[in-house]
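Since the structure comes first, as structure tokens, the remarks are kept for the end.
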Amino acid sequence: MLKAIQILGSSSSSSSGCFLHHRLKKPRPSFSLISRKPIEASIPESSKLHHLAFRFRKGCSFRAFQMSHNNSESTPDGDSLSSSSLTSTAVQTTGFTKKVSFCQWCGGPTKHEIPDGEEKPRAICTKCGKIFYENPKMVVGCLIEHENKILLCKRNIQPSYGLWTLPAGYLEIGESAAEGATRETWEEANADVEVQSPFAQLDIPLIGQTYVIFLAKLKRPDFSPGPESSECQLFAAEDIPFDSLAFSSMLVTLKLYLEDIKVGRPKFHYGIINKRPGTSPSDIRAYTLDHHMKC
């Protein structure tokens with residue numbers, strides 16, 4: 001379960017689907033660098049809201065660029081970040097590593113050294129000699145469309161107690177990403193859903209997490225709060241509580257979704273959320289969305 005989470009442009013004229021039955025066909029990329037215009041949470045007029053059939057076409061092209069959020073983009077001492085410093089931040093992906101003091105296999109004490117032939121310090125057991133490798137965690141969830149509205153859950157647990165999120169949580173061993181997303185949706189919203197297509201992959205290197213969000217539909221118009229939720233509610237685009245969202249990943253996902261509605265063309269998104277070091281986990285706007293690609 002999700003206990004502590006923090007915190008690929010347009011389609012060609014071909015009508016064949018790129019994402020069908022959860023299969024991602026290999027696109028032919030053509031990269032171009034465009035502006036660093038921040039993502040805006042532009043809310044479309046209600047009359048323009050319509051269901052997006054998220055089927056993708058062959059021959060997708062990709063546009064790679066960096067988006068920085070307007071709010072809270074300053075260094076801890078109050079100086080504004082320049083574009084060059086933002087670019088530097090994008091490549092600093094060392095991320096968070098835990099201090100491992102004891103071996104998980106034999107219980108012996110560890111030392112922290114760079115193993116031969118490697119580049120990063122690792123925890124090495126001083127008794128059995130095994131090396132501890134820490135890998136990122138995958139968070140999976142669903143962006144559920146129903147009657148031109150989006151299902152959100154209000155968190156009943158920390159962190160971000162009382163704030164809104166898409167139903168999402170950690171992927172378990174033995175399940176696919178789509179299976180995990182549907183399981184988390186059932187656990188948090190008692191909602192039985194059918195995954196339609198992948199929508200976004202968002203990496204957060206600083207905390208070692210990758211979010212995979214799927215578009216989904218309710219099989220039945222029934223939902224209710226699970227143990228980790230105090231409320232579940234369908235929101236029209238103009239009513240999404242952007243001031244009360246739990247995590248940066250949710251803010252980015254919903255903004256990207258609204259941008260797709262605005263232009264009327266469905267996309268799959270990839271990006272790196274770089275949280276500004278030293279900021280509070282509750283400051284969900286202290287980020288840049290770097291290397292954003294959409295298909």
Side-chain angles (χ1 to χ4, degrees), residues 2 4-7 34-44 64-96 139 141 143 150 152-155 157-168 199-213 233 235-262 267 269-294:
L2 181 53
I5 58 175
Q6 185 46 269
I7 38 252
I34 61 179
S35 67
R36 292 176 177 169
K37 180 181 178 182
I39 294 179
E40 301 292 343
S42 302
I43 310 299
F65 54 97
Q66 180 187 67
M67 293 182 175
S68 62
H69 199 284
N70 279 332
N71 297 335
S72 304
E73 288 306 319
S74 59
T75 59
D77 59 4
D79 295 331
S80 297
L81 289 170
S82 66
S83 60
S84 59
S85 65
L86 285 173
T87 303
S88 298
T89 302
V91 298
Q92 295 173 356
T93 58
T94 54
F96 171 78
V139 178
L143 195 163
I150 298 300
L152 297 179
C153 301
K154 181 177 284 189
R155 290 176 60 80
I157 57 172
Q158 295 290 0
S160 302
Y161 175 88
L163 300 179
W164 294 93
T165 181
L166 298 171
F199 176 68
Q201 177 183 333
L202 301 169
D203 296 338
I204 313 180
L206 185 65
I207 58 173
Q209 292 182 0
T210 288
Y211 280 71
V212 177
I213 304 297
Q233 184 175 333
F235 289 89
E238 63 270 22
D239 297 327
I240 292 174
F242 281 100
D243 291 334
S244 303
L245 294 178
F247 309 113
S248 297
S249 54
M250 300 296 107
L251 179 61
V252 172
T253 299
L254 290 167
K255 285 185 175 184
L256 292 173
Y257 175 76
L258 294 185
E259 286 295 321
D260 285 359
I261 289 180
K262 183 179 178 180
K267 301 177 181 69
H269 300 268
Y270 169 80
I272 301 172
I273 298 176
N274 277 313
K275 297 288 291 185
R276 183 157 53 86
T279 57
S280 169
S282 62
D283 189 353
I284 67 170
R285 292 174 172 81
Y287 72 87
T288 59
L289 178 61
D290 303 313
H291 305 293
H292 178 211
M293 295 180 285
K294 50 188 176 179

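Positions are given from 1 along the sequence.
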Is a side-chain N or O of Ser280 found less than 3.5 angstrom from the main chain of Ser282, in a donor-acceptor match? yes

What distance do Lys267 atom NZ and Leu256 atom CG have between them, rounded to the nearest 0.5 Å? 9.5 Å

Taken to the nearest 0.5 Å, the spacing of Glu238 CD from Leu258 CG works out to 10.0 Å

Which atom pair, heavy atoms only, marks the closest approach of Pro205 to Ile272? CD-CG2, 3.6 Å

Check for a donor-acceptor pair, side chain of Thr279 on one end and backbone N or O of Arg276 on the other, with a separation under 3.5 Å. yes

Rounded to the nearest 0.5 Å, what separation is found between the CD atom of Gln201 and the OG1 atom of Thr253? 11.5 Å

Side chain proximity check, His269 to Asp260, heavy atoms < 4.5 angstrom: yes

Can Tyr270 and Asp203 be counted as having a side-chain donor-acceptor contact under 3.5 angstrom? yes

With no hydrogens and no angle check, is any side-chain donor or acceptor of Lys275 less than 3.5 Å from a backbone partner on Asp283? yes

Can you classify the ring geometry of Tyr257 versus Phe199 as parallel (below 30°), tilted (30 to 60°) or perpendicular (above 60°)? perpendicular

Just so I know, are the side chains of Trp164 and Arg155 near enough to count as touching, which here means a heavy-atom distance under 4.5 Å? no

In Å, rounded to the nearest 0.5 Å, how long is the span from CG of Leu254 to OG of Ser249? 9.5 Å

Would a 4.5 Å heavy-atom cut-off, applied to side chains only, mark Asn274 and Tyr287 as touching? no

Can you find a pair of side-chain heavy atoms, one from Thr165 and one from Ser160, that are under 4.5 Å apart? no

For Phe235 versus Gln233, what's the shortest heavy-atom pair and its separation? CD1-O, 3.4 Å

Separation between CG of Leu166 and CG of Leu152, rounded to the nearest 0.5 Å: 5.5 Å

Quick one, Leu289 and Leu202 - any side-chain contact, counting heavy atoms below 4.5 Å? yes

Flag the pair Arg285 and Asp243 as a salt bridge only when some basic side-chain nitrogen lies within less than 4.0 angstrom of an acidic carboxylate oxygen. yes

Lys255 NZ to Lys262 NZ distance, which is reported to the nearest 0.5 Å: 12.5 Å

Taking the side chain as everything from C-beta on, heavy atoms only, tell me whether Val139 gets closer than 4.5 Å to Thr210. no

